[in-house]
Amino acid sequence: MTFFTTIKSTLGGSMKSSFSARALGIIMAFLPAIAVAEWNLNFTPAVTLLGEEIQAIHNLVMWIIVGISIVVFGAMFWSILKHRKSVGHKASNFHENTTIEIIWTVIPVVILIAMAFPATRLLLATRDSSASDMTIKATGYQWRWGYEYIDEGVKFYSTLATPRNQIDGGAEKEKTYLLEVDNKVVVPVGKKVRILTTSNDVIHAWSVPGLAVKQDAIPGFIRDIAFKAETIGTYRGQCYELCGKEHGFMPIVVEVVSEEDYQTWMQAKLAESGVPSFDPDKEYAVAELVAAGEQVYNANCIACHQEGGVGMPPTFPAIKGGKIATGSMEGHLDIILNGSDKNPMMAAWGPILSDYDIAAVIAYQRNEINSSGDIIQPSEISAVRAE
Amino acid sequence: MEAVHDHSHDHHVPTGIMRYVTTTNHKDIGSMYLWFSFAMFLVGGVMALVIRAELFQPGLQVVEPEFFNQMTTLHGLIMVFGAIMPAFVGFANWQIPMMIGAPDMAFPRMNNWSFWLLPPAGILLMGSLLAPGGAGGVGWTMYAPLTIQQGMGMDMMIFAIHILGMSSIMGSINIITTILNMRAPGMTMMKMPLFVWTWLITAYLLVASMPVLAGAVTMTLTDRHFGTHFFNAAGGGDPVLYQHIFWFFGHPEVYIIAIPAFGVISEVIPTFARKPLFGYPSMVYATASIAILSFLVWAHHMYTVGMPVEAQLYYMFATMLIAIPTGVKVFNWVATMWKGSMSFETPMLFAQGFLFLFTIGGFTGLVLAVTPIDIQLHDTYYVVAHFHYVMVAGALFAAFAGVYYWLPKWIGKMYDERLGKIHFWLSLIFFNITFFVQHFLGLAGMPRRIPDYALQFADWNMVSSIGAFGFGLSQVFFLYILLKAIRSGEKAPEKPWDGASTLEWTHLPTPAPYHSFETPPDLRN
């Protein structure tokens, strides 16, 4: 019977079984390298009521499986042990029995019907996104998320904040490795939040396991999903649909805060969005733009064009010595604003980056990576955009 | 027939490599299918090990993310289309004529071409890695519009799929025609060995579903190069349309892989239990029901695309229905073993491994059938674990069982029983170390197809990688066992398995002669 309790404890997710604890102890003894090991066996704890219900129905299904296992594997192992030639068992010759065949067809039907009722009720509940308190649009980009609080008009982008040197092994990995972003989604606790998903390029999927939501973000279409977090805290998710090379590097962080904190955050965001982050009329110096451009480059360009702009030809051309970054300023600005006609991997950055950011990254590419020596001012980019 | 097939025929048989290039003999072609699939299995396996090496620890150590995506894509395509499917076509070629008392396949020249289409397709698939920009890094499901962004490696993969599809369709037509027209007198449909039945059903699935896949990839090709917008919303298309078409092929494909495996298991278990298969008619009906249902559940692979909740409900109920015929099959196998007189030579060990692990794969299928749970687990490692239980512990273990079972008949020599048993236990243990722990990763939320992961996934990934390398090495050991049997195996007795009851064991010498059943056996009594 230890066999079945093992199956139950490992599949069912109880971590208290002494067998699996001992087994884990043995395995861990061989793997001292894993210091932060968690050996999770089950779902991330849910902080929504629907999430708890999903885990409850999963537990129900697991118990059904344990029951069927005992019967099927019990019969299987019994016959393996008892009905073997080596213990002198003689073979019977029976090969059909209509009664038993009807019984083992009907019993699964009954079990499945019993499962279908709670599953149907729960599915209808999880797909109900009506009567939500607020709506946020999440747009997938290669490779970041863009958010828009529809009612307030607040918009921002949310990009991986884990430094590259942690990924490459140059620095120790923080606890939230690959699950940290520059701008978190902030929502109030106890409010039904409706997420609209769409995409700017390929299919992505917006999901936070702790909130028990997952919805594909499909270019050209808008889908929706809703959640109501019951507990204040920070919940982390990822993109779940293969979306190209940086698919593993576009996390989602949702911070659930009190209503009061949410209002404070929203006021700050609103104030921020009213003030341009740069002076549109100022003549910026080369050094200032290059310094800012390095930040922009590292956040947006480095994944494909690589450190120092060496690229990964032919899909990701080199910026260092490249035709565009050493060619005309108009051509350089055009490909950044509008993307490339020839190479679909080069996205249009116009909708994502500010005029200042684009001026800065152009300055960085032409003065640090290359040495063309020229820059373009944010105000000139505004003028080009206005055309 | 007799006059045409006398000795003069044999004088014209070319030798050496030309024998295999020009052969129309079902046994030669079967062997080529099996060796080709084993070679592809090793190539796909190396790709899996690249993936597992990168995932051994968090951080990027071994490969770049782009190459990682190419590995997951090619691993999937090569294992599905290059390894598992041709392996079972190889079994079909060797066994179906011998099991129904036919001299060969119905269309021997088409049979030759069906095989010889495979190497060019394999070369195109692997060669796509050398194309500018590498192979497509899109996953074996090749979802639009990510496919639009890829380099010419993607086009090579599309052509490879076209060629593989042609090969499969021709092979299937051959199998259907052979089974329906070339059975020996007295071999009625309901007396055919279950392996033959499962292949008949599989062949219909292939004929019905492969053209759909060809359509999906052709639409991708025209979207890429010829200005169509099937999958581009900006041009009036719909990216989700691709998924519907792909999975209309993709779900039957799962059973194209699984059903011949059921057939092998249904031959091996009765032989080593020394007892007839329990519930033969219900096995046939269950297999046919699974095949029909497989065309009605495709969208359960895409619950997160945002389809109407009514559609989700339909797909959930239809998917649950599959548990019924699948359950019947498992119960019948256990009932066949019940009160038998079992012995556990290597084929039987692999059949038992299949039965136990495939059932676990069925259980996780039951979990995934419940839509709200599926949405949580969609595109996580839980799904990866689930389908490897069905594909590896299911189809691959059944193929191993089949090779060990029929090898004496094919080459007239025995494999080393002790080594075969070691191969089984190594495969069983390392398989579970590799894939059982992936259930935990999936429950905890680790996405599929990522080259690097958050720290809470580190522990089980390391365990899984260790298991994968053990599993890979165990299969190199299998190659050694095969070569040892071929070079220096003991001479096989006429009937090494005393419980075997199908025609190839009861009516043909061991090894089977190059031309068998030139006169059909009379089975009317």
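This one's a predicted model, so the numbers in the text were calculated from it and none came from an experiment. Every chain is numbered from 1, with letters handed out A, B, ... down the list of sequences.
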Checklist entry - chain B heavy atoms under 4.5 Å from A:Leu122: which part of the residue, side chain, backbone, both or neither? => result both
Checklist entry - So what's closer than 4.5 Å to chain B heavy atoms on A:Glu53: side chain, backbone, both or neither? => result neither
Checklist outcome for this item: Ranking A:Ile107, A:Ile203, A:Ile113, A:Thr176 by heavy-atom pairs under 4.5 Å to chain B gives rank one to A:Ile203
Checklist entry - Based on non-hydrogen pairs under 4.5 Å, which of B:Pro65, B:Pro325, B:Pro276 is most in contact with chain A? => result B:Pro276
Checklist entry - Going by heavy atoms in the side chains, are B:Leu443 and A:His58 under 4.5 Å from each other? => result yes
Checklist outcome for this item: Max heavy-atom pairs within cutoff under 4.5 Å with chain B, candidates A:Leu242, A:Val61, A:Thr44, goes to A:Leu242
Next on the checklist: Working to the nearest 0.5 angstrom, can you tell me the gap between B:Asp452 CG and A:Lys173 NZ?
Outcome noted: 7.0 Å
Checklist entry - Between A:Pro219 and B:Pro145, what is the shortest heavy-atom contact and its length? => result CG-CG, 3.9 Å
Checklist entry - With respect to chain B, which residue among A:Gly169, A:Ala119, A:Gly248, A:Ala125 yields the maximal number of heavy-atom pairs within a distance under 4.5 Å? => result A:Ala119
Checklist entry - Would you call B:Trp460 and A:Leu41 a side-chain contact if the rule is heavy atoms closer than 4.5 Å? => result yes
Checklist entry - Of the backbone (N, CA, C, O) and the side chain (C-beta and beyond), which part of A:Gln215 lies under 4.5 Å from a heavy atom of chain B, both, or neither? => result both
Item to check | Heavy-atom proximity to chain A below 4.5 Å, by part of B:Met307 | outcome: backbone
Checklist entry - Under a 4.5 Å heavy-atom cut-off, does chain B meet the side chain of A:Ala205, its backbone, both or neither? => result neither
Checklist entry - Side chain, backbone, both or neither: which part of A:Val213 has an atom under 4.5 Å from a heavy atom of chain B? => result backbone
Checklist entry - Should B:His378 and A:Tyr240 count as side-chain neighbours, where that means a heavy-atom distance under 4.5 Å? => result no
Item to check | B:Thr359 side chain near A:Phe73 side chain, heavy-atom distance below 4.5 Å | outcome: yes
Checklist entry - For B:Val330, is it the side chain, the backbone, both or neither that has a heavy atom under 4.5 Å from a heavy atom of chain A? => result side chain
Checklist entry - Minimum heavy-atom separation for B:Trp338 to A:Ala75, with atom names? => result CZ3-O, 3.7 Å
Item to check | Toward chain B, the part of A:Lys82 with a non-hydrogen atom under 4.5 Å | outcome: neither
Item to check | Atom group of A:Glu241 that falls short of 4.5 Å from chain B, counting heavy atoms | outcome: both
Checklist outcome for this item: In short, B:Asn332 meets A:Trp104 closest at the heavy-atom pair OD1-CZ2, 3.1 Å
Checklist entry - Heavy-atom distance under 4.5 Å between the side chains of A:Met62 and B:Val367, does that happen here? => result yes
Checklist outcome for this item: Heavy-atom nearest pair, B:Ala233 first then A:Phe221, reads CB-CE1, 3.8 Å
Item to check | A:Asp216 side chain vs B:Gly306 backbone, donor-acceptor pair below 3.5 Å | outcome: no
Checklist entry - Taking all non-hydrogen atoms of both residues, which atom of B:Ile373 and which atom of A:Phe43 are closest, and how far apart? => result CG2-CZ, 4.4 Å
Checklist entry - Measuring heavy-atom distances to chain A, does B:Ala273 have an atom under 4.5 Å in its side chain, in its backbone, in both, or in neither? => result backbone
Checklist entry - Considering only heavy atoms, which portion of A:Arg84 lies under 4.5 Å from any heavy atom of chain B: side chain, backbone, both, or neither? => result both
Next on the checklist: Heavy-atom cut-off 4.5 Å, strictly under: side chain, backbone, both or neither for B:Ala444 against chain A?
Outcome noted: both
Checklist entry - Most heavy-atom pairs under 4.5 angstrom with chain B, which of A:Pro209, A:Ser86, A:Ala212? => result A:Ala212
Checklist entry - Could you state the interatomic distance from CG (B:Asp238) to CD1 (A:Ile218), rounded to the nearest 0.5 Å? => result 7.5 Å
Checklist entry - OG/A:Ser207 to CD1/B:Ile375 distance, rounded to the nearest 0.5 angstrom? => result 10.0 Å
Item to check | Contacting moiety of B:Phe457, where chain A heavy atoms sit under 4.5 Å | outcome: side chain
Item to check | Inter-residue atom distance B:Leu455.CG - A:Glu174.CD, 0.5 Å rounding | outcome: 8.5 Å
Checklist outcome for this item: If one checks every heavy atom of B:Phe67 against chain A at 4.5 Å, the contacting part turns out to be neither
Item to check | Side chain / backbone / both / neither for A:Phe94 at chain B, heavy atoms under 4.5 Å | outcome: both
Item to check | B:Met320 portion near chain A, given a 4.5 angstrom heavy-atom threshold | outcome: both
Item to check | Heavy-atom pair count under 4.5 Å with chain B, highest-scoring of A:Leu112, A:Ile100, A:Asp128 | outcome: A:Leu112
Checklist entry - Can you tell if the side chain of A:Lys214 reaches within under 4.5 Å of the side chain of B:Thr380, non-hydrogen atoms only? => result yes
Item to check | Per-residue contact mode, B:Gln352 against chain A (heavy atom under 4.5 angstrom) | outcome: both
Checklist entry - Side chain, backbone, both or neither: which part of B:Asn69 has a non-hydrogen atom closer than 4.5 Å to chain A? => result side chain
Checklist entry - With side chains defined as the heavy atoms from C-beta onward, is the minimum distance between A:Lys245 and B:Glu64 less than 4.5 Å? => result no
Next on the checklist: What I'd like to find out is whether the side chain of A:Cys243 reaches to under 4.5 Å of the side chain of B:Tyr143, using heavy atoms alone.
Outcome noted: no
Item to check | B:Ala144 versus chain A, the contacting section by heavy-atom distance below 4.5 Å | outcome: backbone
Item to check | Under 4.5 Å from a heavy atom of chain A, the part of B:Leu146 involved | outcome: both
Checklist entry - Measuring heavy-atom distances to chain A, does B:Pro58 have an atom under 4.5 Å in its side chain, in its backbone, in both, or in neither? => result both
Checklist outcome for this item: From the list A:Glu96, A:Gln238, A:Arg127, the residue making the most non-hydrogen contacts under 4.5 Å with chain B is A:Arg127
Checklist entry - Between B:Ile148 and chain A, which part of the residue has a heavy atom less than 4.5 Å away: side chain, backbone, both or neither? => result backbone
Checklist outcome for this item: If one checks every heavy atom of A:Asp224 against chain B at 4.5 Å, the contacting part turns out to be neither
Checklist outcome for this item: In short, B:Phe331 meets A:Pro108 closest at the heavy-atom pair CE1-CG, 4.2 Å
